[in-house]
Amino acid sequence: MSSIVFITGATSGFGRASARRFAAAGWSLVLTGRRLERLQALQDELSAQVPVHIAALDVRDEQAVRQVVAQLPEGFRPIKALINNAGLALAPQAAHQVDLADWHTMIDTNIKGLVNVTHALLPTLIETGAGASIVNLGSVAGQWPYPGSHVYGASKAFVQQFSYNLRCDLIDKGVRVTDIAPGMAETEFTLVRTKGDQAASDRLYRDTTPLSGEDIAEQIFYVATLPAHININRLEVMPTRQAWSNFAVDRD
Ligand code: NDP
Ligand code: 8X3
């Protein structure tokens with residue numbers, strides 16, 4: 001029987017590219033996200049290659065997460081890799097200019113949503129044992145501060161530490177855990193962050209060479225398919241044309 005991967009946020013960006021990458025290697029797919037029509041389109045595209053199960057799922061809804069996991073069809077049960085990818089940034093303005101609701105949405109999705117799915121799938125991952133993987137999408141923003149990152153970066157710092165701490169508890173279970181921390185990647189991320197400002201998104205990625213969804217899917221696939229005795233703890237990936245800058249100084 002083929003290995004099974006469970007992907008959150010499979011309707012766009014890294015998640016959709018990962019679905020295609022794992023399908024190309026013959027994995028069975030459990031694809032989730034809120035936009036059902038996009039899941040159906042991906043199922044139509046990939047089901048000639050591999051078995052595909054789709055489920056419309058908002059990771060913030062704890063009960064719905066439990067239900068989707070409990071109702072996995074027989075052939076999609078022994079999950080070997082969980083790709084905790086669903087997430088978003090909102091409110092690129094300074095902290096004192098943002099809506100509290102946007103901070104809550106990031107916490108509910110990037111932290112609580114990721115925790116909901118991890119908790120629901122841990123038993124099956126532990127049952128799979130050696131070679132199973134949890135791949136969490138963190139970000140360079142989880143380690144490096146920048147203006148306008150406030151709760152987004154903090155939520156990704158949680159992802160990093162949660163990943164490390166899971167490693168401690170899973171040491172004798174064979175389940176690997178990786179925090180993948182991408183830098184700038186062109187997906188729908190900036191469109192979501194700016195609440196639909198396509199021009200702002202285009203401006204950010206213009207005249208440089210950002211990472212693509214496929215670049216990160218390749219990294220995700222790599223860490224999840226290494227020999228069972230190897231755990232990549234954290235993988236920080238930037239475009240070659242992105243780096244850090246000098247400290248800001250406020251002057252009179
Ligand atoms: P996209 O906006 O292209 O994709 C985000 C995915 O997350 C979509 O499939 C969306 O699906 C899903 N999602 C968002 N909210 C929810 C929710 N409440 N429940 C279920 N699914 C949800 O962005 P990326 O592919 O770039 O982002 C994927 C991950 O990578 C995120 O965690 C992001 O923070 C992280 N990341 C992105 C970087 C970048 O520069 N692009 C860099 C570093 C990290 P739907 O709307 O259908 O529910
Ligand atoms: C997304 C990358 O640099 O916009 O996590 O924070 S960045």
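For ligands, and for the atoms within them, numbers begin at 1 and follow the listed sequence. Being a predicted model, the structure only gives us computed values, none of them experimental.
Taking distance alone, with nitrogen or oxygen atoms compared against 3.5 Å, G9 approaches ligand 1 more closely than that limit. Where the criterion is an N or O separation shorter than 3.5 Å, residue side chain and backbone included, V59 meets it with respect to ligand 1. In terms of N/O distances under 3.5 Å, ligand 1 is approached by F14. Polar contact check, Y205 against ligand 1: no nitrogen or oxygen pair lies under 3.5 Å apart.
Among L137, N84, L39, N85, the residue whose heavy atom lies nearest to atom 31 (C) of ligand 1 is N85.
Relative to the six-membered ring of Y222, R21 misses at least one condition, a distance below 6.0 Å or an angle of at most 45° to the axis.
Taking the six-membered ring where tryptophan is involved, the planes of W27 and F221 are perpendicular, since the angle between them exceeds 60° and thus also 30°. Note: W144 and W244 have perpendicular aromatic rings, judged against thresholds of 30 and 60 degrees for the angle between ring planes.
Salt bridge absent: R20 and E218 never bring a charged side-chain N and a carboxylate O closer than 4.0 Å. A salt bridge is absent between R38 and E45; no separation between the charged side-chain nitrogens and carboxylate oxygens falls under 4.0 Å.
For M238, no heavy-atom contact with ligand 2 is shorter than 4.0 Å.
When only non-hydrogen protein atoms are considered, atom 6 (O) of ligand 2 lies nearest to Y146 OH, 2.5 Å. Remark: minimum distance from atom 4 (O) of ligand 2 to any protein heavy atom is reached at R193 NH1, 3.1 Å. S139 OG, 3.7 Å is the protein heavy atom nearest to atom 2 (C) of ligand 2. What sits closest to atom 39 (C) of ligand 1 on the protein, heavy atoms only, is A185 O, 3.6 Å.
Ligand 1 has at least one atom lying under 4.0 Å from a heavy atom of G138. Heavy-atom distances between K156 and ligand 1 reach below 4.0 Å in at least one pair.
Atoms of ligand 2 found under 4.0 Å from any heavy atom of Y152 (numbered from 1 in listed order, with element): 1 (C), 5 (O), 6 (O).
Residue H104 holds its NE2 atom at 10.5 Å from CE of M106, rounded to the nearest 0.5 Å.
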